[in-house]
Protein chains: 2
Amino acid sequence: MNARSVIDGDMARTTGSHSDITGPRIREVALRLFAAEGYAAVSMRKIAAEVGVQAGALYNYTPDKQSLLFDLMHGHMEDLLAARAQAGTAGTPTDRLEAFTRFHISYHEERPHEIFIAYMELRNLTPENFVVIEGLRGKYEDELSGILRAGVESGEFTLVDPRVATRAIISMLNGVTTWYRREGRLSLTDVETIYWDMVRKAVGA
Amino acid sequence: MNARSVIDGDMARTTGSHSDITGPRIREVALRLFAAEGYAAVSMRKIAAEVGVQAGALYNYTPDKQSLLFDLMHGHMEDLLAARAQAGTAGTPTDRLEAFTRFHISYHEERPHEIFIAYMELRNLTPENFVVIEGLRGKYEDELSGILRAGVESGEFTLVDPRVATRAIISMLNGVTTWYRREGRLSLTDVETIYWDMVRKAVGA
DNA sequence: GTCTATAGAGTGATAGAC
DNA sequence: GTCTATCACTCTATAGAC
């Protein structure tokens with residue numbers, strides 16, 4: 001019995017057969033390492049070592065390192081858009097802006113690494129992969145743009161330039177990833193409230 | 001005569017002697033490549049190739065790759081703090097906040113790459129180097145924190161949490177690096193005005 | 001100061017045994 | 001499905017000629 005079997009609690013299985021657990025573990029470890037050290041600084045051997053397999057075994061789950069990054073980012077963007085579609089999109093522009101702001105921040109609770117790599121690792125995607133991810137990012141940001149434009153048209157918001165305001169708000173909200181820690185002095189709900197207060201005032205609502 | 005001599009316009013000099021020009025060129029190229037592709041993804045050979053020398057020649061100017069990154073970031077932070085000290089720090093908290101906001105954005109005009117790597121490449125610093133840069137970053141952010149606290153105390157600003165507001169505003173302002181291009185539809189002065197409008201309202205001034 | 005050459009370690013990815 | 005072993009490079013950094 002090797003060390004990994006103990007960790008898995010998987011004592012009855014054939015020695016080297018863990019397809020159901022290894023796949024998710026690889027994604028999990030890669031996500032954490034990419035977020036902590038950056039895609040380019042993380043080797044396949046390092047990922048394998050933390051998973052508890054040899055480097056060659058990774059290639060049963062991913063054709064190459066680039067696909068690993070792309071799949072993580074792509075899965076994240078799909079999940080983000082799906083979760084966003086479930087969240088509140090009704091009401092006045094102010095209501096919708098509050099829903100968007102709180103949604104984006106609350107999404108950090110379970111997926112802080114995903115949000116972090118989604119905006120930090122874009123430059124490490126191949127051109128073809130970049131186009132796909134950038135398209136999904138655009139879809140997400142367009143939701144915010146739409147809210148801001150609607151608010152300006154209805155007179156609820158006073159914004160000089162809604163396009164730039166979109167970028168500014170997204171940057172501000174994404175910044176949460178760089179300092180928020182679950183064990184810190186503030187809960188994520190506190191953070192939501194503080195940011196919503198600033199966003200609401202910033203747009204003039 | 002080699003190709004580099006033609007580029008330099010430096011035809012009278014001994015073949016391989018360019019200490020006065022090569023040093024700055026290395027820093028310039030490294031800065032641009034680190035900003036575009038990330039420190040870990042850029043090799044010394046790639047820097048050397050763009051400068052127009054062989055990789056070994058770089059080590060006449062830097063003891064190692066890490067020092068190159070550190071020197072760029074350290075020089076930038078020193079320059080940023082020095083330039084900031086020259087800018088307006090008088091008046092009401094609102095005046096001071098406007099000066100800080102405009103200063104930070106206008107600094108993108110000449111040093112967009114420096115600002116970008118200063119917040120993107122922190123994780124690629126060795127622990128000892130990280131401590132130094134993080135200390136300088138703290139000094140800079142403390143200036144903003146001080147302004148926000150003063151504004152809250154004087155009743156000019158309405159902020160739930162000035163510490164979080166500092167992070168939020170810094171993130172928002174740094175976000176300019178991710179989308180602003182000199183050849184775009186807006187001048188940096190336009191951007192200053194748009195951001196200052198949002199910051200001013202966000203703090204409740 | 002720059003060159004060529006190279007040491008020594010590490011890289012992504014593959015082949016074949018089990 | 002995982003292992004060991006390895007290919008073919010690339011990496012940082014150094015040594016010594018010029």
| What's the closest nucleotide to the A:Q54 side chain, out of C:dG1, D:dT2, D:dT4? |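 Of the options given, the side chain of A:Q54 lies nearest D:dT4.
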Nearest-angstrom distance from the residue atom [atom1] of [X] to [atom2] of [N]:
{"X": "A:L33", "N": "C:dG12", "atom1": "CG", "atom2": "P", "answer": "12 Å"}
{"X": "A:L58", "N": "D:dG1", "atom1": "CG", "atom2": "C1'", "answer": "12 Å"}
{"X": "A:Y59", "N": "D:dT2", "atom1": "OH", "atom2": "P", "answer": "15 Å"}
{"X": "A:N60", "N": "C:dG16", "atom1": "CG", "atom2": "P", "answer": "15 Å"}
{"X": "B:I47", "N": "D:dC11", "atom1": "CD1", "atom2": "P", "answer": "11 Å"}
{"X": "A:L69", "N": "C:dG12", "atom1": "CG", "atom2": "P", "answer": "13 Å"}
{"X": "B:Y39", "N": "D:dC11", "atom1": "OH", "atom2": "P", "answer": "13 Å"}
{"X": "B:Y61", "N": "D:dT14", "atom1": "OH", "atom2": "C1'", "answer": "17 Å"}

| message | Is it the case that the side chains of A:D190 and A:S187 hold a donor-acceptor pair, with the cut-off being a distance below 3.5 Å and no angle test? | response |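 Yes, A:D190 and A:S187 have a side-chain donor paired with an acceptor closer than 3.5 Å.
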| query | Taking atom types as modelled and ignoring hydrogens, do the side chains of B:S67 and B:T62 form a donor-acceptor contact shorter than 3.5 angstrom? | reply |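 There is no such pair between these side chains.
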| query | Is a donor-acceptor pair below 3.5 Å formed from side chain A:R45 to base C:dG12, judging by atom type as modelled? | reply |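 Present.
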| query | Under 4.0 Å between a side-chain N/O of A:T22 and OP1 or OP2 of D:dG1, yes or no? | reply |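 It does not, given that no N or O in the side chain of A:T22 lies less than 4.0 Å from OP1 or OP2 of D:dG1.
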| message | Ring centroids only, cut at 6.0 angstrom: are B:Y180 and B:F116 within range, meaning strictly under it? | response |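 No, ring centres 6.0 Å or more apart.
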| request: Would you confirm whether the ring centroid of B:Y140 sits within less than 6.0 angstrom of the ring centroid of B:F100? | output: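 Distance test on ring centres: under 6.0 Å, yes.
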| said: Which is more 5' along DNA chain C, the nucleotide nearest A:A57 or the one nearest A:S43? Just name the residue. | reply: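 That would be A:S43.
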